[in-house]
Amino acid sequence: MSPTIRRTLEDRLKQVVQETFGVPLEVALEVPPNPDLGDFAAPIGFKLARPLKRPPQEILQELAPRVREALAPWVESVEIQRGYLNLRLSDQALQDQLTQLLADFEAWLPRVAEGRRMLIEFVSANPTGPLNVANARAASVGDTLVRVGRSLGAPVEAEYYVNDGGGQIRALEESIAWHLGERETPPQDGYLGAYLKHYAEKVRDLPYGQRARWVAEAILRDQMAELQAFGVTFDHIVYETEFHDPAEEPRDLNPHIGRRFAYTQQVLEAFRRLKVLREMEGALYLDTTVRGDDKPRVLVRSDGRPTYFLYDLAYHLYKFDRGYELLVDLWGPDHLGHVKRMKIALDLLGEGLGRPEVSGENFLVLIVQQVTLLRGGKRVRMSKRKGEYYTLHDLVQEVGVDAARFFFLLRSISTPLDFDLDLARKLSSENPVYYVQYVHARIHSLMAYAAEKGVQGSAQPSDLALLTTPEERHLLRLLSGFGDLLLDVHERHEPHRLPYALMQLAEGFHAFYQKHRIVGEDLARTRARLALARAVQRVIRHGLDLMGVRAPEKM
RNA sequence: GCCCCCGUAGCUCAAGUGGAUAGAGCAUCGGAUUUCUAAUCCGAGGGUUGCAGGUUCGAGUCCUGCCGGGGGCGCCA
């Protein structure tokens with residue numbers, strides 16, 4: 001429940017500025033480029049200069065003594081440097097963090113204050129073939145966001161949407177017939193990959209028209225198994241056909257069909273009420289241009305079949321209806337053009353329904369950029385329909401779950417990722433993931449050694465006061481900031497910060513270990529250093545777990 | 001043609017909501033271990049942040065234009 005030191009300091013600083021100058025100021029603490037400058041830097045001199053019409057230096061000189069007093073329990077020095085107020089944490093505060101971390105790790109982690117119920121939808125691959133590496137990247141990112149959120153006590157759930165309707169299912173049906181030799185020419189837009197033959201053989205005895213549904217279910221099961229092996233699970237699975245008209249298909253063939261058709265009708269009614277529906281050439285359009293879109297978007301085709309867009313709106317209304325307050329969707333770059341119209345449509349939907357919570361504001365799309373596979377320095381072209389594949393399964397076989405997940409998380413979401421397969425295979429012994437895992441294993445072995453030497457008893461506060469070398473202080477500082485890091489990952493939806501932070505912590509520990517003897521003559525110092533090592537191990541283990549990466553005890 | 005993403009060290013990428021001397025890994029070169037895991041550590045070289053302007057105390061970050069790469073622009077999903 002403890003707020004982090006950084007948040008505490010920011011709140012206090014804000015308060016002091018308000019009391020001293022009577023102006024509000026959002027204070028965002030930064031970390032100075034050089035540790036000699038302190039642990040935190042508040043760039044408030046520049047920011048106050050304008051509203052107060054006074055030079056930064058003068059402002060800070062007036063502020064510094066008050067800050068020093070207000071932050072006394074946590075901060076041992078406050079210095080003015082250029083336009084910054086540089087803060088140095090007290091040894092006591094850092095040692096207290098260590099004590100609390102070890103006493104009750106879960107309680108030491110910060111909690112997300114306003115618990116908006118969040119639903120993250122990701123992967124949501126078509127049930128027409130195996131998962132590819134783009135799905136793998138989305139799975140890594142989405143799952144880690146879910147885990148981080150939960151670790152901070154935020155109500156976050158994971159959902160998978162199955163596009164089990166529309167043209168691709170018809171194409172699947174045709175493709176199955178082709179694989180069974182019932183038609184000579186391969187269907188246009190068909191799925192010609194060898195994998196499908198295996199599924200097709202199992203439905204040979206089913207009549208044409210009923211096979212695709214069975215195969216889609218089987219593929220979905222296999223996808224889920226593959227994801228589970230990748231460490232990724234979902235709380236909910238929702239099918240597109242739930243939003244279809246139940247008259248479309250007999251329910252004994254499709255148990256999902258039409259269960260939530262009411263949502264589809266509700267969407268159309270809301271738009272009708274709002275008078276934003278347009279009929280042109282026999283098709284029904286949503287006039288998104290009233291909110292700045294380029295052109296109206298088709299909801300119902302001229303032959304009466306609804307589009308994916310309409311079903312997607314019904315689906316997202318269903319999400320809001322279940323009480324989620326923030327909807328996060330992870331989409332591929334090919335869906336980029338849909339973001340704007342979707343937000344507009346949700347705004348209109350909320351207005352039409354008179355429900356302000358249904359709105360584009362509460363709908364966040366994260367575009368997870370594409371993955372390009374390289375082999376021998378050349379692009380590996382992939383096409384589901386042509387049957388050219390490199391699957392999630394292949395990836396796990398080749399580089400393993402740990403390396404794959406770590407590697408995917410190492411890039412920010414918005415960066416296209418070149419995945420060099422030759423390099424990835426080579427990386428198996430050079431990948432940074434092993435650098436981090438090694439710290440965990442090393443500390444495990446260290447603990448065993450200490451036990452063997454008969455070192456007993458946990459560190460007392462007086463022991464921890466001995467942690468004063470630069471390497472020890474650096475580690476204490478990194479540990480104390482771990483909660484802030486998780487908050488950043490959660491609030492900004494930037495999971496790539498996590499592996500970087502763990503690499504930094506690992507680097508700090510390796511350097512510390514190299515330079516200082518941990519189990520030694522001085523028992524008090526030994527206890528203190530073991531406590532520090534145990535805390536590092538705990539944080540590393542937690543961080544790796546959030547990434548779905550194992551924390552081995554031996555390497 | 002319009003919209004979006006990207007352009008940072010030889011390579012792959014970071015850079016905490018506009019902050020101090022732009023940082024890591026890999027690669028290259030040079031060192032370190034009789035004692036707790038060398039899958040480690042220490043050090044060196046390597047940069048006009050694609051180009052040109054602008055905004056301001058301050059720009060890799062924001063704005064405009066251009067160049068290059070990728071993606072999208074369907075009564076497909």
Side-chain angles (χ1 to χ4, degrees), chain A residues 6 26 28-34 37 41 43 45-47 49-50 55-56 81-84 86 124 126 128 163 165-169 171 189 240 280-285 294-295 297-303 305-309 311-312 332-340 367 369-370 372 407 410-412 414-420 423 426-427 429-432 434-435 437-439 441-450 452-453 481 484-485 487-488 491-492 494 496-497 499-500 503-504 506-507 509-520 526 529-530 533 554-555:
Chain A
R6 187 178 89 193
E26 277 309 315
L29 287 178
E30 295 162 7
V31 175
N34 181 345
L37 293 172
F46 308 115
K47 290 191 163 67
R50 188 171 295 269
Q81 254 133 9
R82 310 192 42 179
Y84 298 90
N86 286 340
S124 297
N126 290 337
T128 52
N163 299 126
Q168 62 214 339
I169 294 297
D189 297 330
E240 182 196 310
M280 288 182 279
E281 297 165 0
L284 194 62
Y285 287 76
D294 302 334
K295 53 188 174 186
R297 307 291 170 176
V298 180
L299 291 171
V300 182
R301 302 179 182 90
S302 50
D303 64 5
R305 286 160 43 233
T307 60
Y308 172 88
F309 185 41
Y311 290 133
D312 221 24
D334 52 331
H335 285 67
L336 223 150
H338 294 259
V339 178
K340 188 174 180 183
I367 298 292
Q369 280 294 331
Q370 64 190 347
T372 305
F407 197 72
L410 212 44
R411 269 94 184 133
S412 78
S414 59
T415 303
L417 166 60
D418 285 339
F419 203 115
D420 188 327
L423 187 66
K426 217 179 83 184
L427 270 177
S429 63
E430 298 161 359
N431 195 300
Y434 299 103
Y435 184 77
Q437 287 181 319
Y438 184 51
V439 167
R442 206 175 204 186
I443 295 174
H444 183 81
S445 141
L446 177 64
M447 295 303 165
Y449 177 81
E452 193 184 304
K453 290 286 172 188
D484 291 313
L485 168 86
L487 288 171
D488 281 348
E491 288 166 4
R492 305 169 59 149
E494 292 181 343
H496 72 277
R497 292 177 184 282
Y500 279 97
M503 284 163 68
Q504 206 184 355
E507 184 181 31
F509 184 81
H510 283 314
F512 161 65
Y513 182 92
Q514 194 78 19
K515 188 153 183 185
H516 301 287
R517 179 82 197 175
I518 293 171
V519 179
T526 298
R529 287 182 170 167
L530 284 173
K554 227 176 148 175
M555 288 177 74

Euclidean distance, atom CZ of residue A/Phe407 to atom P of B/rA14 [Å, nearest integer]:
11 Å
Taking CD from A/Gln370 and C1' from B/rG69, how many angstroms apart are they, rounded to a whole number?
10 Å
Base, sugar-phosphate alone, or nothing: which one does [X] contact when heavy atoms must sit under 4.0 Å apart?
{"X": "A/Ala511", "value": "sugar-phosphate"}
{"X": "A/Ala441", "value": "base"}
{"X": "A/Pro32", "value": "base"}
{"X": "A/His516", "value": "base"}
{"X": "A/Ala41", "value": "base"}
{"X": "A/Lys295", "value": "sugar-phosphate"}
{"X": "A/Val31", "value": "base"}
{"X": "A/Ser302", "value": "base"}
{"X": "A/Glu240", "value": "sugar-phosphate"}

Under 4.0 Å between a side-chain N/O of A/Arg82 and OP1 or OP2 of B/rU21, yes or no?
yes
Would you tell me if any nitrogen or oxygen in the side chain of A/Thr415 comes within less than 4.0 Å of OP1 or OP2 on B/rC5?
no
Residue mapping more 5' on RNA chain B - nearest nucleotide basis, A/Arg492 or A/Gly282
A/Arg492
Where the side chain of A/Tyr285 is defined as all heavy atoms beyond and including C-beta, which of B/rU40, B/rC75, B/rU35 is the nearest nucleotide?
B/rC75
